[in-house]
Amino acid sequence: MQTAIPRGGTVLAEITQLLELQATDGQLHEFSIQIDRLRAQQKQTEGRIAKEAAAVDQLRERLSQLEHESRMKNLEVDELDVNIRQYQERLDKGIISFKEMEDLRAKIVLERGRISTMEDEALTLMDTIEETKQGLERAIADCDEKTEQLRSQIGEIATRISELQAQAAGLTDERAALRERIPSYLVQQYETLRGSSSEPIASIQNGTCAGCKLKLSGSTIERVRGGMGIVTCEHCNRILYVDEYDSDD
Ligand SMILES: [Zn+2]
């Protein structure tokens, strides 16, 4: 980040240092924004991994439901089979009336019909189970592959975060050293102002404060131009300086 240089004739070393401090704080803020953004990306990527896994779980759940249905169907077929055998036994013993025999025969026909329908359904169900199993295998392979890709993305993001953190730590050290060189009353003033504004050091542009954009009084401008100590904006209290490149002369 380029630090503006206060006007040569009235350079106040303090202003230069404060501008450096402000630039450093700006950079640190940038780092923290970037790190936050990367962390959000990481979280989003983790969400995608969870979504992939959830899709597989859903398929697995569906398969186990189908298998349960299949077992139930087979049990029902077995029960019907038992019924038919019991009817047949009673018929074979033959100690019942003709009417009862007719009823039993009708029941046997009916139950056989039901068994036949159920067996067809069971076969269809077996096909569905087989397809679902294959689908699940594909989904698992797919999920594994995507998860690996996403994990590697998360790793890259983590590396980037570490790099930024290291850079930020270096800059924080530089800031501390810089802070040491600035008179403490100025640092305090700067930090108080920074509580309400990200850039407490403002240049004078066209007779106005670049921070609050309000017109400054002639005497304020004169005091800044004359290098008469630290001068603040009468509206927003920002510390003022005259930019070397400002053509408003
Ligand atoms: Zn102002």
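Because the structure is predicted, anything quoted here is derived from the model rather than measured. Reckoned from all heavy atoms, side chains included, excluding hydrogens, waters and symmetry mates. Sequence positions, counted from 1, serve as the residue numbers for this chain. Counting starts at 1 for both ligands and their atoms, following the listed order.
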Listing residue and atom name, which protein N/O/S atoms are closer to the Zn ion (ligand 1) than 2.8 Å?
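Sorted hits: Cys209 SG, Cys212 SG, Cys233 SG, Cys236 SG.
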Decide yes or no on salt bridge (Lys or Arg N to Asp or Glu O under 4.0 Å) for Glu102 and Arg105, but give the supporting numbers first.
CA-CA 5 Å; Glu102 285 295 294; Arg105 284 196 184 107; 3.6 Å; yes
For Met126, is the CE atom crowded, meaning more than 12 foreign heavy atoms sit under 6.0 Å from it?
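No, because the 6.0 Å sphere around CE of Met126 holds 12 heavy atoms or fewer from other groups.
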Please indicate whether Gln58 has more than 12 foreign heavy atoms, meaning atoms of other residues, nucleotides or ligands, lying under 6.0 Å from its CD.
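Check fails, neighbour count at 12 or below.
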Evaluation steps, salt bridge (Lys or Arg N to Asp or Glu O under 4.0 Å), between Arg175 and Glu191
CA-CA 13 Å; Arg175 186 193 192 276; Glu191 276 168 0; 3.1 Å; yes
Do Glu234 side-chain atoms and Ser217 backbone N/O form a donor-acceptor pair below 3.5 Å?
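Side chain of Glu234 to backbone of Ser217: a pair is present.
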Ignoring hydrogens and angles, state whether a donor on the side chain of Arg62 or Thr132 is under 3.5 Å from an acceptor on the partner side chain.
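Result is no, nothing qualifies.
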